[in-house]
Amino acid sequence: MRTPLIVGNWKMNKTASEAAAFIRDLLERLTPSPKADVVLAPPFTSLESAGKALGPSSWISLGAQNLHWDPQGSFTGEVSASMLRELGCRYVIVGHSERRLLFGERDETIQKKVRAALAQGLAPIICVGESLAEREADKTKSAVTTQLNGGLAGLTQQDLVTVTIAYEPVWAIGTGRAATTEQAVAVHRSIRSFMETGWNSTTAAAMRILYGGSVTPQNAESLLASEAIDGALVGGACLNPDSFARIVRIAQTRRA
Ligand code: PGA
């Protein structure tokens with residue numbers, strides 16, 4: 001059985017001191033539980049204070065929002081996998097649609113980032129999702145498949161053990177217009193069958209596939225009730241400790 005995973009993607013929000021205050025507040029609202037994994041992904045500059053606020057063996061893990069694929073070098077403004085590891089990160093988001101659309105990330109670089117993360121023992125959360133134009137042109141499946149092919153090319157079954165896929169339709173991100181559970185489930189099923197064809201049924205069955213795009217405490221219940229949806233990548237609603245805690249609690253109480 002796949003343990004649900006809730007990831008809070010803070011994007012470019014919360015300074016180091018705001019991060020520490022938020023985490024102190026969040027921890028008071030939540031009870032640790034093995035029934036769901038939780039990851040917070042603050043901006044690079046808040047990772048250290050977030051790690052300190054969580055404490056050394058916290059049940060909540062730290063993740064980064066991006067990384068560079070080289071171990072070090074002349075890459076002004078970039079951060080490597082080993083730098084993230086040393087700050088206590090266990091996860092890293094790769095290929096978020098904002099990185100693809102606003103910063104020109106392509107599947108080839110996303111794949112290099114995934115490999116760099118895996119080489120340093122960071123668990124990549126690879127984001128895929130169609131634009132509104134692609135959905136309206138009935139090209140959702142082909143858009144997602146292209147991204148999966150690009151991002152996952154050459155990975156072994158062993159590599160995929162720690163990989164998570166986040167299905168995030170671009171039209172649902174930050175719009176307040178989440179995919180319906182049915183829409184999400186249909187794409188999640190096609191992602192799992194892509195994994196089965198490209199690798200095997202064991203790999204496909206073990207892989208966590210998250211939904212992201214306007215997840216709120218109101219719609220999380222329905223989304224997470226489906227066995228096809230293994231958790232959520234939460235943007236806007238993760239910035240408020242009350243709404244993020246409510247989403248985590250829904251995951252913790254699901255599938256008794
Ligand atoms: P949202 O963002 O929850 O604000 O739609 C999700 C994401 O971008 O990961």
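The model shown is predicted, which means the values in this text are computed figures rather than measured ones. Whatever order the structure lists ligands and atoms in, that order sets their numbers, starting from 1.
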Worksheet item: Got a sec, which pairs hit side-chain hydrogen bond (donor to acceptor under 3.5 Å, both in side chains) with one end in residues 111-124, sequence neighbours left out?
Response: Asn66-Lys113, Glu105-Lys113
Item to complete: Kindly determine whether Lys141 and Phe194 satisfy side-chain contact (heavy atoms from CB on, under 4.5 Å), including the steps that lead there.
Response: CA-CA 10 Å; Lys141 192 171 169 188; Phe194 170 89; over 6 Å; no
Fill in: Check: Thr216 main-chain N/O paired with Asn219 side-chain donor or acceptor under 3.5 Å
yes
Worksheet item: Of all residues at least two apart in sequence or in a different chain, which pass the side-chain hydrogen bond (donor to acceptor under 3.5 Å, both in side chains) check with Glu78?
Response: none
Show me, pair by pair, the donor-acceptor contacts under 3.5 angstrom made by side chains of residues 83-94, not counting sequence neighbours?
from	atom 1	to	atom 2	distance (Å)
Arg85	NH1	Gly121	O	2.9
Arg90	NH1	Ser61	OG	3.1
Tyr91	OH	Arg208	NH2	3.4

One line per pair, note the atom names and distance for all nitrogen or oxygen contacts under 3.5 Å between ligand 1 and the protein.
from	atom 1	to	atom 2	distance (Å)
ligand 1	2 (O)	Lys11	NZ	3.3
ligand 1	3 (O)	Ser214	N	3.4
ligand 1	3 (O)	Gly235	N	2.8
ligand 1	4 (O)	Gly236	N	2.8
ligand 1	5 (O)	Gly174	N	2.6
ligand 1	5 (O)	Ser214	N	2.7
ligand 1	8 (O)	Lys11	NZ	2.7
ligand 1	8 (O)	His96	NE2	2.7
ligand 1	9 (O)	His96	NE2	3.2
ligand 1	9 (O)	Glu168	OE1	3.3
ligand 1	9 (O)	Glu168	OE2	2.7

Discussion item. So does Gly55 get a backbone contact from the side chain of Ser58, meaning a donor-acceptor N/O pair under 3.5 Å?
Written reply: no
